There are 2 protein chains.
Amino acid sequence: MRGEEAFERLRMAILDGTLPPGAPLSRRRLAEEMAMSAVPVADAISRLEGEGLVESRARAGTRVKIATAAEIQGNYVLREALETHSARLFAESADGRQRLRLLAAAERLDRAYNALGRQQQYTQALHAKVERIHIAFHMQIARATKVALFADAVERSRVLLFNWIFTVSPDFEKLPERWHRDLAASLAHGSPEEAAEAMRAHVRYRQGEVLERFERLARQQAQDSRMVRGPRRRPLK
Amino acid sequence: MRGEEAFERLRMAILDGTLPPGAPLSRRRLAEEMAMSAVPVADAISRLEGEGLVESRARAGTRVKIATAAEIQGNYVLREALETHSARLFAESADGRQRLRLLAAAERLDRAYNALGRQQQYTQALHAKVERIHIAFHMQIARATKVALFADAVERSRVLLFNWIFTVSPDFEKLPERWHRDLAASLAHGSPEEAAEAMRAHVRYRQGEVLERFERLARQQAQDSRMVRGPRRRPLK
DNA sequence: TAGTGATAACTGGCGTGCCAGTTCTGGTAG
DNA sequence: CTACCAGAACTGGCACGCCAGTTATCACTA
């Protein structure tokens with residue numbers, strides 16, 4: 001029971017940005033914060049490591065995983081495979097009610113993104129909120145297939161990027177006005193092939209931009225740490 | 001170190017059929033067998049549970065997961081998504097050497113299946129050996145993409161079924177003579193679309209048969225356990 | 001014989017504590 | 001100031017042992 005609680009709380013903290021990539025996860029400190037012993041915390045961390053959310057080096061600390069550009073790239077490849085099939089299955093077999101709900105969800109999601117684009121400045125809290133709606137939209141498609149194993153795989157792949165994407169702040173004002181509404185229309189009214197192709201374009205759409213931002217960020221951070229390696233290493237957090 | 005060892009050994013034992021679906025995994029017994037304490041074993045089991053290979057109920061025992069028909073079905077859906085994309089990427093970007101190697105691997109794999117079909121009787125050891133070649137063939141396609149995250153996802157989905165499939169013994173003599181050679185030819189010489197469609201057909205090929213066998217097996221086992229529930233429950237192992 | 005129930009054996013969850021290895025800190029020498 | 005290094009502080013891996021809850025056993029009853 002306590003192990004489950006530790007797992008869920010840590011997972012949530014990573015996903016909502018409370019524990020950003022690179023944040024240290026000390027077994028003892030977390031155990032104290034959650035009012036339990038170190039054992040269930042260690043088990044939770046071990047499971048999170050299995051999901052790829054966390055990285056630990058024996059006796060040298062555990063931190064929230066910092067993705068490499070290659071891993072971001074890989075995540076997009078994986079998602080293209082999963083979500084393209086998800087779209088195909090949706091177009092093949094979703095019922096009328098599911099199609100209508102998807103169109104409505106796309107409407108809400110686009111509104112949220114457009115509102116984000118009109119904000120004066122970027123805040124992670126707002127970004128996190130909209131990304132949660134975004135993930136819900138895609139999960140609505142995946143879950144309509146009624147195949148739990150498949151929907152779970154889609155969710156895991158989304159969750160990985162969901163964490164990583166916080167380290168960049170996209171140009172929200174440049175996103176297409178009808179970004180998801182057009183996608184939803186293809187899924188709801190198009191053939192399976194059209195739905196799959198629409199989703200493929202959708203997944204690929206921001207891949208290049210995100211990758212480029214990540215690489216720039218990684219170069220910058222490498223340079224930062226090289227600069228401080230002269231006199232002394234900086235305490236990471 | 002010991003935890004890693006426990007994890008790998010248990011994983012291997014599940015995959016090669018030493019621990020078939022339903023086999024009990026007692027923390028203390030395994031710890032004794034592997035000459036370590038219960039902690040690393042518990043951690044390994046926890047991670048295996050995260051991968052879906054094992055199922056544990058608090059204070060009532062842990063066993064190797066017995067798949068339901070719905071999960072088998074879901075596994076095929078997931079694999080269709082992953083492997084279809086895998087095939088597409090292979091056709092798009094594999095180099096000449098990789099294509100030649102794939103054709104050769106298909107040749108070997110078909111020979112192994114044909115040999116299995118000529119065997120007088122089914123033995124699990126032989127089946128396991130051929131299935132390992134089978135999985136290696138598909139991983140050769142996935143790894144050619146050079147996308148680790150994606151190849152790992154393909155492997156995980158394969159591994160799940162790899163365990164479950166042992167509970168049925170297919171009609172090996174009815175398998176197509178050139179089952180994988182034709183697939184490999186499509187991947188090595190066809191367009192990305194042709195490759196994807198060939199893989200789709202390949203994945204779907206035995207899905208129906210496997211599912212039917214599983215359902216029949218499940219019904220039979222349910223009936224068995226209902227019969228012995230009259231006088232006394234049978235010790236499961 | 002079949003059914004029942006007390007109980008012994010066993011299960012996974014977890015608290016405590018030690019260990020060897022890594023990282024951080026502050027004092028010292030140049 | 002900078003470079004260095006010894007020791008303090010902290011890290012994750014693991015052993016041990018207890019606990020509450022589940023399951024198997026077997027004498028006993030009808």
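What you see is a predicted model, and the numbers here were worked out from it, not measured in a lab.
Taking the salt bridge (charged side-chain N to carboxylate O under 4.0 Å, His left out) definition, one finds that A:Arg11 meets it with A:Glu51, sequence neighbours left out. The side chain to side chain contact (heavy atoms under 4.5 Å, CB included) check on A:Met12 picks up A:Glu8, with sequence neighbours excluded. A:Glu71 meets the side chain to side chain contact (heavy atoms under 4.5 Å, CB included) test with A:Lys65, A:Ala67, A:Thr68, A:Trp164; sequence neighbours excluded. With sequence neighbours excluded, the residues forming a side chain to side chain contact (heavy atoms under 4.5 Å, CB included) with B:Ala13 are B:Thr18, B:Leu19, listed by chain and number.
With rounding to whole Å, A:Arg59 atom CZ is found 6 Å from C:dG21 atom C1'. A:Arg29 places its CZ atom 12 Å from the P atom of D:dC10, with the value rounded to the nearest Å. Remark: P of C:dG13 and CZ of A:Phe7 are 14 Å apart, rounded to the nearest angstrom. As a whole-Å value, the separation of A:Leu25 CG from D:dG13 P is 12 Å. A:Glu55 has its CD atom 16 Å from the C1' atom of C:dT22, to the nearest Å. Across the protein-nucleic acid pair, A:Ile45 atom CD1 and D:dT11 atom P stand 10 Å apart, rounded to whole Å. As a whole-Å value, the separation of B:Glu4 CD from D:dC14 C1' is 15 Å. A:Glu32 has its CD atom 14 Å from the P atom of C:dG15, to the nearest Å.
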Any N/O pairs under 3.5 Å between the protein and nucleotides 15-17 of chain D? List them or say none.
from: D:dA15; atom 1: OP2; to: B:Ser37; atom 2: N; distance (Å): 2.8
from: D:dA15; atom 1: OP2; to: B:Ser37; atom 2: OG; distance (Å): 2.3
from: D:dA15; atom 1: O5'; to: B:Ser37; atom 2: OG; distance (Å): 3.4

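Taking the charged nitrogens against the carboxylate oxygens, A:Glu4 and A:Arg47 do have a contact shorter than 4.0 Å, which makes a salt bridge. Between B:Arg200 and B:Glu80 there is a salt bridge, since a side-chain N of the basic residue sits under 4.0 Å from a carboxylate O of the acidic one.
Between A:Ser56 and the phosphate of D:dG12, there is no side-chain N or O to OP1/OP2 separation shorter than 4.0 Å. Phosphate contact (OP1/OP2 of C:dG21, side-chain N/O of A:Arg57, threshold under 4.0 Å): absent.
Taking only side-chain atoms of A:Ser26, from C-beta outward, the nucleotide of D:dA20, C:dT22, D:dT11 with the closest atom is D:dT11.
Checking A:Gly3 against A:Ala58, the closest nucleotide of DNA chain C that is more toward the 5' end is the one next to A:Gly3.
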Ignoring hydrogens and angles, write down the donor-acceptor pairs under 3.5 Å from the side chains of residues 139-147 of chain B, residues two or more places apart or on other chains.
from: B:Gln140; atom 1: NE2; to: B:Arg101; atom 2: O; distance (Å): 3.2
from: B:Thr145; atom 1: OG1; to: B:Ala142; atom 2: O; distance (Å): 2.6
from: B:Thr145; atom 1: OG1; to: B:Val147; atom 2: N; distance (Å): 3.3

